[in-house]
Q: 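Here's a structure for you.
Numbers for residues simply follow the sequence, beginning at 1. Since the structure is predicted, the reported quantities are computational estimates derived from the model, not experimental observations. Basis for what follows: all heavy atoms, side chains included, without hydrogens, waters or symmetry-related copies.
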Amino acid sequence: MTKDKVLIFDTTLRDGEQSPGATMTHAEKLEIAELLDEMGVDIIEAGFPIASEGDFKAVSEIAERAKNAVICGLSRANFKDIDRCWEAVKHARQPRIHTFIGTSPLHRAIPNLTQDEMADRIHDCVTHARNLCDNVQWSSMDATRTEEDFLCRTVEIAIKAGATTINIPDTVGYTAPVESADLIRMLIEKVPGADEVIFATHCHNDLGMATANSLAAVDGGARQIECTINGLGERAGNTALEEVVMALKVRGDIMPFETGIDTRKIMNISRRVATVSGFAVQFNKAIVGKNAFAHESGIHQDGMLKNRETFEVMKPEDVGLSGTSLPLGKHSGRAALRAKLSELGFDLADNQLNDVFVRFKDLADRKKEVFDDDLMALVYQNDSGDDRLKLKSLRVVCGTQGPQEAEMVMTIDGADVKTSATGDGPVDATFNAVKALFAHKARLQLYQVSAVTEGTDAQATVSVRMEEEGRIATGQSADTDTVVASAKAYINALNRLLVRREQSEPGYDVKGISYKDA
Ligand code: KIV
Ligand code: ZN
């Protein structure tokens, strides 16, 4: 029996990136889009083209590059947004315009439209979008808090005007599984033309039910799930792609649906999204958390050794964790490194491999065994050759009696500058040294350290988020020395802020763009 297909619509680059602080650079957005495309995502929502020049460029370039996925842009329900969206997606092999308006009483009050006025607006906008593109998605935002009759009316109008996908968002994460299934079932039964379109579910996780609500919606007849990697997104986030995909795969017995996702690519993209967004994955997060496949307790380990299925419902390999992780050491050569990286899903060009090899040798000199996670951290070390600020050397003097002292040499625009600074702890002293060498007004919003692997010689990855006049940038670095990793991450964030400042992208942070203008 062939299984029904559930389309996976990923909105990491739109709803996910909209989360305060999760801003990604242009290059990062292209990279994530490529990974999504390679893993088999059916539709990539690449951004909100009217929101900023940066979003427009990202959506356009992703549209031009995508090989398989449908590329979708978001637009509010007005002609200007829709035209801008079409400009951005039109070069995709398979473009889609996604347009929406808030239909619940609370949302209707924002543009102050009556039901009739809103109905006309939906008709006009979907018709306009459909005249530009034959793949149009309509969303009745806050559908789960919209009166049933009016929701049916909006959906019927959108279908008649030519929408090909109807999205029923649970914008504020309010619904519950039974209700989620019933709502889609009701729409399919009641709305004329419903069997001609695909119904989509778009859930937020405010009550922790996004995954359950999405799967229940599929039970009710939805055939598109909207989600993000790691559940990234505003507030408590969106439905996590890895959770719904793995749930459908593992519980095919009771949910006979398939997706086109190559699940072995999940871990890699999860790590990458965590790094570029600066939103670390919680250790006990389903599927992609560090502990998701760790079996620490004696009873569990004993059971696992006898039969893996005792405590595991899926294999780590299925999500891209290599089962047998043989570490590399300082005697491992370039060929071994290439083979290991390829096993982890990285096929690097020769020059990239050379760079990683240099970093690998340096790390292997300091650390006995270099594990898969260490290698990934090395691949993703992102100090670009063009950076204006670089850390040259750092020496920190620590003692039980503060203050601690940091002596630092930085290269700024090619010239070495040196200082020493004190602080309340080694990291504070180090950051003060950076500030003394390169004065800036940026404020530190987040400082986060996590160990890449176990052991006291483990590398630490540090994420830093900085804010300057509404622009936000994150920086990351990894090193066996936490203070060095901290300094590099801080400098990395400053370099990114400098790029933003130089590009001076007006409106870069207008993601909170008002729905009033819809
Ligand atoms: O949560 C939501 O309702 C949205 C819409 C724009 C689809 O993200
Ligand atoms: Zn949303």
Q: Excluding sequence neighbours, so at least two apart, what forms side chain to side chain contact (heavy atoms under 4.5 Å, CB included) with A58?
A: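 Listed in chain order: H26, K29.
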Q: M255 versus V218: any side-chain heavy-atom pair under 4.5 Å?
A: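 Result no, sub-4.5 Å side-chain heavy-atom pair not found.
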Q: Should R272 and E31 count as an ion pair when the cut-off is N to O under 4.0 Å?
A: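 Here R272 pairs with E31 in a salt bridge, since their nearest N and O are under 4.0 Å apart.
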Q: Between M209 and N213, is a side-chain contact (heavy atoms from CB on, under 4.5 Å) present by the stated rule, with each step listed?
A: CA-CA 6 Å; M209 293 193 279; N213 288 337; 3.5 Å; yes
Q: Calculate, to the nearest 0.5 Å, the distance between atoms CG and CG belonging to N268 and L321 respectively.
A: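 Separation between the atoms: 10.5 Å.
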Q: For P169 versus S139, what's the shortest heavy-atom pair and its separation?
A: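 Taking every non-hydrogen atom into account, CG-CB, 4.1 Å.
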Q: Less than 4.5 Å apart, side chain to side chain, heavy atoms only: is that true for L183 and T175?
A: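 Result no, sub-4.5 Å side-chain heavy-atom pair not found.
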Q: Closest heavy-atom contact between G16 and T228?
A: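 Closest approach of G16 to T228, heavy atoms only: N-CG2, 4.1 Å.
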Q: For A349, is there any backbone N or O sitting under 3.5 Å from a side-chain donor or acceptor partner on Q352?
A: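 Flag set: sc Q352 to bb A349 pair under 3.5 Å.
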Q: So that I can tick it off, tell me whether K5 and D42 are bridged by a salt bridge, with the cut-off set at under 4.0 angstrom between side-chain N and carboxylate O.
A: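 A salt bridge links D42 with K5.
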Q: Taking the side chain as everything from C-beta on, heavy atoms only, tell me whether F357 gets closer than 4.5 Å to R338.
A: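 Result no, sub-4.5 Å side-chain heavy-atom pair not found.
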Q: Does NZ in K290 sit with more than 12 non-hydrogen atoms of other residues, nucleotides or ligands closer than 6.0 Å?
A: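 Yes.
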Q: Answer whether the closest heavy-atom distance between the side chains of L151 and T144 falls below 4.5 Å.
A: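 Contact flag for L151/T144 side chains = no.
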Q: Would you indicate whether the side-chain heavy atoms of I97 and C133 approach each other to under 4.5 Å?
A: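 SC-SC contact between C133 and I97 confirmed.
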Q: Judged by atom type as modelled, is there a donor-acceptor pair below 3.5 Å linking the side chain of T171 to the main-chain atoms of M141?
A: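 Absent.
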Q: Do you know which two heavy atoms are closest between L348 and L341, and how far apart they sit?
A: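 Minimum heavy-atom separation between L348 and L341: CD1-CD1, 3.8 Å.
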Q: Just wondering, are more than 12 heavy atoms of other shown residues or ligands nearer than 6.0 Å to CG in D149?
A: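 Not buried by this count: 12 neighbours or fewer within 6.0 Å.
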Q: Would you say P316 and M267 make side-chain contact, with heavy atoms under 4.5 Å?
A: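 P316 does not reach M267 side chain to side chain.
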Q: If you count the non-hydrogen atoms of other residues, nucleotides and ligands that lie under 6.0 Å from CZ in R223, is the total more than 12?
A: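 Atom CZ in R223 is packed in, count exceeds 12.
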Q: Among side-chain atoms of Q137 and E45, is any donor-acceptor pair under 3.5 angstrom?
A: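 Result is no, nothing qualifies.
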Q: Determine, for K249 against D318, whether the closest basic-nitrogen to carboxylate-oxygen distance falls under 4.0 angstrom.
A: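 Salt bridge between K249 and D318, a charged N being under 4.0 Å from a carboxylate O: no.
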Q: Could you please spell out the steps behind the side-chain contact (heavy atoms from CB on, under 4.5 Å) verdict for V273 and L35?
A: CA-CA 10 Å; V273 167; L35 294 176; over 6 Å; no
Q: Give the intermediate values and the outcome of side-chain contact (heavy atoms from CB on, under 4.5 Å) for residues T474 and R496.
A: CA-CA 8 Å; T474 52; R496 288 166 163 224; 3.8 Å; yes
Q: Could you tell me whether R359 and D374 have a side-chain N and a carboxylate O separated by less than 4.0 Å?
A: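 Judged by the 4.0 Å cut-off on N to carboxylate O distance, R359 and D374 do not form a salt bridge.
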Q: With a 4.5 Å limit on heavy-atom distance, are the side chains of F9 and N167 in contact?
A: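 A side-chain contact is absent here, since even the closest heavy-atom pair is not under 4.5 Å.
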Q: About how many Å separate CD1 of I32 and CD of E28, when rounded to the nearest 0.5 Å?
A: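 Rounded to the nearest 0.5 Å, the CD-CD1 separation comes out at 7.5 Å.
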Q: I'd like to know if the side chain of T480 and the backbone of Q459 have a donor-acceptor N/O pair within less than 3.5 Å.
A: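 Looks like no, no N/O pair under 3.5 Å.
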Q: Are the side chain of E243 and the backbone of T211 linked by a donor-acceptor contact shorter than 3.5 Å?
A: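 Looks like no, no N/O pair under 3.5 Å.
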Q: With side-chain contact (heavy atoms from CB on, under 4.5 Å) as the criterion, how do L353 and R334 come out once you've worked through the C-alpha distance, each side chain's angles and the decisive distance to 0.1 Å?
A: CA-CA 8 Å; L353 182 76; R334 206 177 293 257; 3.8 Å; yes
Q: Could you list all the salt bridge (charged side-chain N to carboxylate O under 4.0 Å, His left out) pairs where at least one residue sits in residues 162-184, not counting sequence neighbours?
A: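 Non-adjacent pairs meeting salt bridge (charged side-chain N to carboxylate O under 4.0 Å, His left out): D182-R185.
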Q: Salt bridge check: are R251 and D253 linked by an N-O gap of less than 4.0 Å?
A: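 So R251 pairs with D253 through a salt bridge.
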Q: Given D206 and R235, is the salt bridge (charged side-chain N to carboxylate O under 4.0 Å, His left out) satisfied, shown in steps?
A: CA-CA 7 Å; D206 299 64; R235 309 185 310 278; 2.7 Å; yes
Q: List in chain and number order the residues that pass side chain to side chain contact (heavy atoms under 4.5 Å, CB included) with E467, two or more places apart in sequence or in another chain; answer none if no residue qualifies.
A: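 Only R443, Q445, I472 meet the side chain to side chain contact (heavy atoms under 4.5 Å, CB included) criterion with E467.
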Q: If we ignore angles and hydrogens, is there a donor and acceptor under 3.5 Å between the side chains of T146 and T103?
A: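 A pair is found: one side chain offers a donor N or O, the other an acceptor, under 3.5 Å apart.
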Q: Are the side chains of V172 and H204 in touch, meaning some heavy atoms are under 4.5 Å apart?
A: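 Of all side-chain heavy-atom pairs linking H204 with V172, none is under 4.5 Å.
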Q: Tell me the closest heavy-atom pair linking L446 and G278, and the distance in Å.
A: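 Heavy atoms of L446 and G278 come nearest at CD2-O, 3.9 Å.
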Q: Among D15, T239, T11, which one satisfies side chain to side chain donor-acceptor pair (under 3.5 Å) with H202?
A: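 Among D15, T239, T11, the one meeting side chain to side chain donor-acceptor pair (under 3.5 Å) with H202 is D15.
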Q: Ignoring hydrogens, what is the shortest heavy-atom contact between I62 and I71? Give both atom names and the distance.
A: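 Minimum heavy-atom contact is CG2-CD1, 3.9 Å.
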Q: Give me the atom names and distance for the closest heavy-atom approach of A158 to I166.
A: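 Nearest pair, atom of A158 first, then I166: CB-CD1, 3.8 Å.
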Q: In terms of side-chain heavy atoms, does D142 have a donor or acceptor partner in S104 at a distance below 3.5 Å?
A: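 Side chains of D142 and S104: pair found under 3.5 Å.
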Q: Counting only heavy atoms not in Y174, do more than 12 sit closer than 6.0 Å to its OH atom?
A: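 Atom OH in Y174 is not packed in, count stays at 12 or less.
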